[in-house]
Amino acid sequence: MDATILNLLRDPAGVPFYPVVFQGLYVLTWALHIAFVLLALGSMGLSIYGSTQQKSDSNWKLLTPHLIQTGKLSISILIVLGVAPLLFTQVIYDPNWYTTNALSGIWIFIFIYALIVGYLMYYWYYYANKAGRASNTLIGTISFAILVFCGVLMHNFAVESIQPDKWLAWYAPNGVVDTSGLNFHYDLIRLAFMVSLVIPVLGIFLQNYSDFLSTRKDFTSKYIEFTKKLGTKTAVGGLLVSAVLFILWMLQENMLLSVISLATIAGVVVLLLMAKMNKNSYITTVVLVVVALLISGVREIIRYNLMADHGYNIYTYTMNIDWPSTIMFLLTFLFLGVTGVAFILRMAWKVGKNEGTVFDGQNDKLTRVLGTATLWILVAWMGIYFAWGMFTLFKNTLV
Amino acid sequence: MDMLGLFPVFYFPEFGTAWLMGITGTIHVLFSHTSVGAAILFAFLAHKAYKEDRADLYVYMKKYGMFLLIFSYVLGSITGPGIWYTATAASPRGISALIHNFVWVWATEWVFFVYEVIGVFALVYFIGKIDRKTHLKLTYTFALASVGTLALIIGIISFMMWPGADAYFTTGSASDAFFGVNTFPHMFLRIGFMIMMSAVIGIFIASAMKKENPPLAQELTKKMGVVAIFGGFMTLFFFMWYINTLPESSHVLLSRLLPGIIMSRLILTGVFTAYFALAIFKPTWIHKSLAASMIVVILVAGLWPGEKLRESLRKPFVAGQYIYSNQIIGRDVPGKGIKSEVEVVAKNGLLKVSPFVPESLRVITPENKLQAGELLAKMACSNCHSLDKNGKYRPLSKLFPMNDKGALVSYMKDVIGTGSVPYMPKIVLPDDEYDAIATWLVEKNK
Ligand code: HEM
């Protein structure tokens, strides 16, 4: 595909704001998406092992259902977090995204139904495990395999979209057009690296878990020690594997000595030391988030450079700035996003720390204020929405 | 040479690609409406439970919150991106138009989604773990956020039908595109349906707990019956208003379909009124199997035809009355600097202006004519018609069973090519391309 055509495939409506903002939001939200992908697959994978151990081992008997619950929540969250990069990628890289969707149309369809079946089976696994049925391991394993397969499909879309020079050959091999949407392509090293991250993320999560529960008296110190050790072992081993794969990937992309790649490697070394010492796992998690953002940045730089080489520069996208909708997003994101999420997380933290008693949110100032604020923000939001809508309608139809 | 930004075609054999979207869309409509309705219902129950200090209602909420909320939210949140993905594969430029007009609206909706997805787990799992007043606050915010997602998506799907006023075409503004004349009727039509849906599911749940707690089951069935009648009435009322806010282009098709629609809606209304009356007056008669069957009836007899109708009425466009179903831009939108592409296609032909056509097919020859004809049919027609002989979705071979190539060419040229069928795009092609399509179709019909 030459530059003229790539630019022609852009939407003639242009973009409603500065492209760099969409790019930034893409990097940020994809990092969040992948964080929960990794946590979901990691806790799920380990829970399957746990499901084979829990009969004879009291530690695993406690840990396994907690891992299953973590997986359950994380899948839901990874899905909703995936929506944002899905949105932003098609604003600025629409030629890439739409071509890929058409070339792999049938996989797109399969992806959705595989995800539905995989997640429903996960609930089945959850209930089977709760009821102590022997079939739980098998059900969990199938569900796990399906969800990993969903990730492989995601990877397929990602790597297809950054190979514009091959699109035509994939669509019409030897000049014969193929509209079946069956294209499937992968990049083994990149995929292996992404999957390998499951291990360190799981390890650091286990360290957090053990720190979180250590203040609760209803968990024995033996159990806390067990999860702590398991976390450290997993995190350290996983980080080493991921680091090797990252270096291989960067060699393949010819990017090893780039600033961002070196920064990522430095970040991993810091993580390795922190995970090994395991003094305060919450701080380790903060570093992990930074490293996730760097990895997300690496992905974007690969794509940006590659497209720039083809003569496609996102920064030259035609702009038709739309202030009202931009402002709506920014205000909603800041007010509702921050306050609302903080409200629920505050409750979750408090409920988690409470041992069996009811948490009285009315007595906790932060919870009370956040809850009331969220409610009023939503009421105000609705008011503004209708006022704005009626004003627009009157202006356009009556005046 | 003028080229256009047309993407590769993805065609699903026998059914056509739009059909794949229809399935996912219908499932999504069921779950998304149920989930928003359930959020409203939950707020109502939580309010009642708090004010009247009803411990039994909390038990009900906890037990069935799992099914009602989490299940519908989970499936709603997967099928939501699901429609989006499949719609992208079927109509890339249609989706692109929506994204590029409304990215910030969607991004705002996403903030609401994030709140909902973590909120839904909090709502169910925190019952009995946090104090009731805080929980009540949570249910209120959750219901408002759920209605917020509807408020945001409704302007976008109404724009798919049409911008609803001419202003958008000259200003290109997202607000003018979003708030058209049919945005609000459409919104309240759906809110009515959501309320009805949540009550229908509520009846099912109440019927399932008849054994454990008969008085509560009865009380809830009666209440849900009343709620359902209210929701159903609201749906019908706003449906009538909604129909009158549709664009000119849909009237031809509508006048043909309306008698059938009215008949089937009357029957459905009768059946459901009887069912809800039964819930109110004879709650004990409602068995689990009846309650479950009624949900299926709604899906099959209510939603599937409803969504198909909405899709048909939008024709010949897929978005904003400027992107034709076959991905070609059908009119100018000066506000965004968008130009109609019909003329460029007419002058050069589709094969020459599409970037993804292999070089060997750019010029039609006797050798490649059939192949070119098939590709042209895929590009120009397959978004709305199956191309296979016994295809399921408005198959071309059934609509044009003839072997008379000349008649086919003149139909395409004089009827479709002049834009005389209001629900089909104006497809103007050079003679050799019409000829190739006709040659391919005649061959197919043999
Ligand atoms: C179990 C389900 C899922 C798994 C395991 C998964 C995993 C992944 C992985 C491994 C990647 C990186 C691929 C690469 O760069 O090579 C990725 C990218 C991505 N995922 Fe997911 N994902 C899942 C579900 C979803 C869903 C439901 C959505 C949308 C709602 C989504 C949206 C995205 C997007 C937009 C990207 C970036 C694609 C690109 O930039 O080219 N994912 N996902």
Side-chain angles (χ1 to χ4, degrees), chain A residues 5 8-9 11-13 15-16 73 76-77 79-80 83-84 86-87 90-91 94 98-99 101-103 105 108-109 112 115-116 119 168 171-172 175 177 179 181 320 322 324-326 328-329 332-333 336-337 340 344 347 351 358-362 367 371 374-375 378 385 389 392-393 396-397, chain B residues 3 5 7-11 20 24 74 77-78 81-82 85-86 88-89 92 96-97 99-101 103-108 110-111 113-115 117-119 121-122 126 129-131 133-134 137 140-141 144-145 148 151 165 167 172-176 179 181 336 338 355-356 358 360 375 378:
Chain A
I5 291 180
L8 204 61
L9 289 170
D11 197 288
V15 291
L73 286 164
S76 236
I77 295 173
I79 293 170
V80 74
V83 172
L86 179 63
L87 180 63
Q90 42 194 293
V91 175
D94 41 341
Y98 296 136
T99 305
N101 270 247
L103 290 176
I108 292 279
F109 189 69
I112 294 304
L115 190 53
I116 293 178
Y119 199 16
L168 196 56
Y171 182 52
V177 173
T179 53
N320 282 311
D322 191 78
S325 64
T326 307
M328 169 174 74
F329 167 71
T332 311
F333 187 70
L336 178 65
I344 296 177
M347 282 188 289
V351 168
V358 172
F359 162 61
D360 187 356
Q362 289 310 105
T367 309
T374 307
L375 188 56
L378 280 162
Y385 171 89
T392 310
L393 265 176
N396 288 342
T397 58
Chain B
M3 279 270 186
F7 289 96
V9 179
F10 161 54
Y11 176 71
L20 292 184
T24 316
V74 162
S77 73
I78 303 180
Y85 269 111
T86 30
T88 305
S96 180
I99 298 279
H100 287 85
N101 278 292
V103 49
W104 289 130
V105 179
W106 248 313
T108 308
W110 174 75
V111 177
F113 279 151
V114 172
Y115 185 71
V117 163
I118 34 181
F121 288 102
F126 290 175
K129 294 207 168 108
I130 55 174
D131 67 287
K133 186 151 184 202
T134 308
K137 242 189 241 172
Y140 286 159
T141 61
L144 277 170
S173 129
S175 333
D176 290 334
F179 293 111
V181 288
K336 291 271 193 204
I338 297 173
F356 284 94
S360 57
L375 182 60
K378 279 183 177 159

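No hydrogens, no waters, no symmetry mates; every other heavy atom, side chains included, goes into these values. Computed from a predicted model, the values in this text were never measured in an experiment. To find a chain, count down the sequence lines: A is the first, B the second, and so on, and within it residues start at 1.
Residues B/Ile130 and A/Val351 form a side-chain contact, since some pair of their non-hydrogen atoms from C-beta on lies under 4.5 Å apart. Residues A/Asn101 and B/Phe7 fail the side-chain proximity criterion, which asks for heavy atoms closer than 4.5 Å. Taking 4.5 Å as the limit, some side-chain heavy atom of A/Val91 sits within range of a side-chain heavy atom of B/Ile99. Residues B/Val74 and A/Ser76 have side chains in contact (heavy-atom distance under 4.5 Å, counting atoms from C-beta outward).
Of the candidates A/Val83, A/Leu115, A/Val80, A/Val83 is the only one forming a side-chain contact (heavy atoms from CB on, under 4.5 Å) with B/Pro81.
Listed by chain and residue number, A/Phe329 satisfy the ring pair (Phe, Tyr, Trp, His ring centres under 6.0 Å) test with A/Phe333 (two or more places apart in sequence, or in another chain). In this structure, the side chain to side chain contact (heavy atoms under 4.5 Å, CB included) partners of B/Asp131, at least two apart in sequence or on a different chain, are A/Asp360, A/Gln362, B/Lys133, B/Thr134.
The shortest heavy-atom contact between B/Pro355 and A/Leu9 is CG-CD2, 4.5 Å. Contact record, A/Ser325 with B/Ala174: OG-CB, 4.0 Å, taken as the closest heavy-atom pair. Between A/Ala102 and B/Pro8 the shortest heavy-atom distance is CB-O, 3.4 Å.
Within the model, atoms OG1 of B/Thr108 and OH of A/Tyr385 stand 11.5 Å from one another, a figure rounded to the nearest 0.5 Å. How far CD1 of B/Ile118 is from CD1 of A/Ile344: 4.5 Å, rounded to the nearest 0.5 Å. A/Asn320 contributes atom CG, which lies 8.0 Å from atom CD1 of B/Ile338 (distance to the nearest 0.5 angstrom).
The contact between A/Phe109 and chain B is made by backbone and side chain atoms together, counting heavy-atom distances below 4.5 Å. For chain B, the nearby parts of A/Ala84 are the backbone and the side chain; heavy atoms of each come within less than 4.5 Å.
Although no hydrogens or angles enter the test, the distance criterion places no donor-acceptor pair under 3.5 Å between the side chain of A/Tyr119 and the main chain of B/Ile78.
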